[in-house]
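Reading through the structure tokens given below for one structure.
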Amino acid sequence: MSEEKKTILKIEDLHKSFGDNEVLKGVSLSLNKGENKVIIGPSGTGKSTLLNNVNRLVPPDRGRIYLDGEEITSQNINKMRQEIGFVFQDFGLFNHLTALGNVKVGLTKVKKMDKQDAQDLAMEELRRVGLEESAEQYPAELSGGQKQRVGIARALAMQPKLILFDEPTSALDPELIGEVLNVMKNLAKEGMTMLVVTHEMGFARTVSDEIIFMENGYIVEQGPPKQLFNNPDTERTREFLFKLTELYGEGDE
Amino acid sequence: MEIFDLFIEAWPLLFKGVQLTLLLTVISIIAGTTIAIFLALGKTYGPKYVKWPIVVFIEIIRGTPLLAQLFILYFGLPPYGLNLSGFTVAFIGFTVNCSAYTAEYLRGSIMSIESNQLRVAQSLGMTKWQGIFNVILPQALRRVVPSWTNEFIYLLKYTSLAYMIGTHELMTQAKFFASRNYEFFKVYLIVALFYLVLVVFFTNIFSWVERQFKIPGFEFEH
């Protein structure tokens, strides 16, 4: 098996219910190293639950999840979470820490990294998302787009094997979406393995290797963007993509 | 006697009283706040067998008069062979009260932190308690400062109750002094002024401290 084909994330037959409401009804997918997959689908179809199941912020009811060949369980979860970046819809910055502090805290408190090394690495990640100027600013002083870029830098600093993005631009004003998507595009180009829940069709079309269309707790269809946009297997996929494109536009590029 | 002369004459005695008042206040607030942190965390995040004893403790302390608590400890325990000095009783009583009230303020403050913050901390690989200590508590403590300042002021004034259990704090000294010269009105006026000056002094100290620790997003309304 060549390096590029190495499976980073493997999800098998994932089930999750909230009370009587079965949100995930057996979802399986896998992600190779350096791959970028986008999950789309109507709201309430379990997209966010799926991501939250992977790092067990919401533990699944049934099914297995493997990171780089090792099963993720409640026993090894704290170690696994260090290797799975998570970018939240509402940014989730720690309000009492500066941008730099936010990026650094996982390194010093979780990885127990030397203070100076943590500082240097955090600064480098802020530079990577174009925010070295804002290092000393607090979340309350940052725009939504800047906050989300700090959120991405924080995930990156942990040097994860995979980053999960849970609607990273949904809470942003339209004019701020671009700066976040650009950072994500660059990450994809650099070969970061990413699983992204988003409605940004431009990103899905131009950046992702595969689009996964989910509805009612199942994966309806998955495949390269070209195939899903031009020649989907199901009428439902065509309908949904048409609606999204109408709503959010084709996206630039 | 003129009030000013009275003040000069009373000063040595009252000064001694103030020192004890301050000592009692400061050690009680430090001990009480430390305990409050554990009570608040236990009540908010602890398992049931930790949570319920704390709930009962806080309700009993908040639900009974401070003076009754002091009297139980001071007058009620000696028949059972436990003789505590007035100062010790005052220290225990004030500490326990401060811990119960501050625990509730702190809990309110913890609940006001966005619930997502702990999830995010865990997503970085922190355990729940690492998240609580590194993320929740630093924010909650900042937000609790205004109510905590209030608690300090209450406590400072409540120490005057120690006068009922033979502790020579400010009120007791004032009573000694006044019973010698029968200038009750003027002496207690002076004492009230003492408390007022202390309260204003500490209020200012705390708002200065607040400003030093102020960070954007945590401003307090004044």
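Letters go in sequence order (proteins before strands), and every chain restarts at 1. As the structure is a prediction and not an experimental result, all values here were calculated from the model.
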*Which region of B:Q122, side chain (C-beta onward) or backbone (N, CA, C, O), has a non-hydrogen atom less than 4.5 Å from a non-hydrogen atom of chain A, or is it both or neither?*
both
*Please look at B:N116 and chain A and tell me whether the side chain, the backbone, both or neither of the residue comes under 4.5 angstrom of a heavy atom of that chain.*
side chain
Is there a side-chain contact between [X] and [Y] in this structure, where contact means two heavy atoms from C-beta onward sitting under 4.5 Å apart?
X	Y	value
B:I215	A:H96	yes
A:F94	B:L124	yes
A:L93	B:Q117	no
A:N78	B:M126	no

Evaluate whether atom [atom1] of [X] has more than 12 neighbouring non-hydrogen atoms of other residues, nucleotides or ligands under 6.0 angstrom away.
X	atom1	result
B:F91	CZ	yes
B:F213	CZ	no
B:Y154	OH	no
A:K111	NZ	yes
B:Y188	OH	yes
B:K48	NZ	no
B:M164	CE	no

*Side chain, backbone, both or neither: which part of A:I84 has a non-hydrogen atom closer than 4.5 Å to chain B?*
backbone
*Between chain B and each of A:E83, A:K109, A:E141, count heavy-atom pairs under 4.5 Å; write down the option with the most.*
A:K109
*Shortest non-hydrogen contact from A:N55 toward B:S123*: ND2-CB, 3.9 Å
